[in-house]
Number of protein chains: 2
Amino acid sequence: MTELEKGPTGRRRGRGARERILSTAQQLFREQGINRTGMNELCAAAEVSKRTAYQHFGGKDELVAEYLRGFDPSVLSGVFDRTDLTPRERLLAAFDIPPTTPLCPYIGAAVELHDPQHPASQYARDYKKAVAARLADTAREAGAADPEQLGEQLALLIDGAAARTRVLDADAFPTAAAIAAVLIDNAIPASVGGDR
Amino acid sequence: MTELEKGPTGRRRGRGARERILSTAQQLFREQGINRTGMNELCAAAEVSKRTAYQHFGGKDELVAEYLRGFDPSVLSGVFDRTDLTPRERLLAAFDIPPTTPLCPYIGAAVELHDPQHPASQYARDYKKAVAARLADTAREAGAADPEQLGEQLALLIDGAAARTRVLDADAFPTAAAIAAVLIDNAIPASVGGDR
DNA sequence: CGTTAAGCACACAGGGCGGTATACATAACA
DNA sequence: TGTTATGTATACCGCCCTGTGTGCTTAACG
């Protein structure tokens, strides 16, 4: 989602500041956190004038909100849209997190901002609910007895793995995946959609 | 753990500034977060001179570490020590979180500090490991096939509930408890120590 | 080409932060 | 009572933060 580096001649150094800012924000906010990343630092890293940054975004809060918005489509949709997997496999695939993903940015933002009213916190809630809903959809497709419940449970497992990975500095997703397997097997009557 | 307000005449060595600082820190750090609570504000709320605060704690980092230390014994030991419950009930009781507890402070600290080297982050890891270990002990007592695994799984559920409660602003512990019940029943062979 | 909007460089304001200095007050205990 | 450890009051320092003001450059496009 960030392949707009530059064309034949350095023609992209003038335009496209907004994209540079956002992609740099994604990197720095993840690596260092939101509060520990100053606008000066961010602008320098993005090779963008501070003035320009503030012409694109009314303030840091707005930038943070936009930064979180950037994840919506891409994070887990790749999993849910895989038609090569059975619904059950899709549910489990949600726990195959590439090690490049340090932590769900929504949890980090909610904790760092510490203000449920902040637009970014709203996005975080919306996103979490959306993920749970998509999990529930897939659970229904897989023939779960109570898809909503299973979706909520799996979402909780993902968040637990994310939080625990962060605190312990050790990958907790395998543990979550193991739990997920148990829950899924318990929730699907016999093998309605369990296997292809 | 903070019933040392004052005796007949402030009976102990001057006055308990240190205790006031720590109990105020617990309150403010929880309510507002660590980074959003300045030392000026904290000292004012604790009715303590800033000078005094810095005589007790070398700096804010040290205060934060000490603040986290204050939780160690009290948080979950009350659950594990309850002899009136079966081991299985004790495992489930860990999910009966009183609504006064907004979020595990260790997760918050780890996210806010964003530095695994920070002493407070170390405490956070140690605490999380200790909780998992005690859960594993209880799981063993309950006759679980793989106590370590079950302990780790239950710990993940607790963290997931904490994180999700924070982000969504809605209690997620009942969901976690439901998962825990499934896991426990699956992990204990038949009913070895399942009931009294 | 010329126009125009986008971007740039850079200094600076205003404020909050963690932390310190100085000078003084009082509780506890011998 | 006097000494000492503890706490108080307040001003202050240097730093970094978000955010602006001003004037200039240049890319993009008709």
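Numbered from 1 within each chain, the chains take letters A, B, ... in sequence-line order.
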_I want to confirm an ordering. Mapping A:Arg51 and A:Arg36 to their closest nucleotides on DNA chain D, which one lands closer to the 5' end?_
A:Arg36

*When the distance from CD of B:Glu62 to P of C:dG19 is rounded to whole Å, what number comes out?*
10 Å

*Between B:Gly59 and A:Lys50, just flag the one whose closest nucleotide in DNA chain C comes earlier from the 5' side.*
A:Lys50

*Report yes if a side-chain nitrogen or oxygen of A:His56 is closer than 4.0 Å to either non-bridging phosphate oxygen (OP1 or OP2) of C:dG7; otherwise report no.*
yes

_Taking the nucleotide of DNA chain D with the nearest heavy atom to each, does A:Gly58 or A:Glu41 sit closer to the 5' end?_
A:Glu41

_Please confirm whether the shortest side-chain N or O distance from B:Thr52 to OP1 or OP2 of D:dT6 is below 4.0 Å._
no

*asked:* What is the distance, to the nearest angstrom, from the CD1 atom on A:Ile21 to the P atom on D:dG19?
replied: 13 Å

*Please report, rounded to the nearest Å, how far the C1' atom of C:dA6 is from the OH atom of A:Tyr54.*
19 Å

*Starting at atom CD1 of A:Ile34, determine the distance to atom C1' of D:dC17, rounded to an integer number of angstrom.*
16 Å

*Atom CE of B:Met39 and atom C1' of D:dC12: how far apart are they, to the nearest Å?*
17 Å

*B:Arg88/B:Asp185 ion pair, N-O < 4.0 Å*: yes

*Let me know the distance between CD of B:Glu19 and C1' of D:dG7, rounded to the nearest Å.*
13 Å

*Going through the distances and angles, do B:Arg18 and B:Glu66 end up as a side chain to side chain contact (heavy atoms under 4.5 Å, CB included)?*
CA-CA 11 Å; B:Arg18 185 187 171 91; B:Glu66 214 63 28; 3.7 Å; yes

*Provide, to the nearest angstrom, the distance between the CZ atom belonging to B:Phe57 and the C1' atom belonging to D:dG7.*
14 Å

*Does A:Asp137 pair with A:Arg140 as a salt bridge, N-O distance under 4.0 Å?*
yes

*Mind checking side chain to side chain donor-acceptor pair (under 3.5 Å) for B:Tyr123 and listing every partner two or more places apart, or none if nothing turns up?*
B:Arg69

*Just to confirm, is there a sub-4.0 Å distance from OP1 or OP2 of C:dG7 to any side-chain nitrogen or oxygen of A:Ser49?*
no

*First of A:Gln55 and A:Asn40 reached from the 5' end of DNA chain C, by closest nucleotide*: A:Gln55

*Taking only Lys NZ, Arg NE, NH1 and NH2, and the carboxylate oxygens of Asp or Glu, determine whether B:Arg164 and A:Glu152 approach each other closer than 4.0 Å.*
yes

*What's the CG-P distance between B:Leu42 and C:dG16, to the nearest Å?*
17 Å

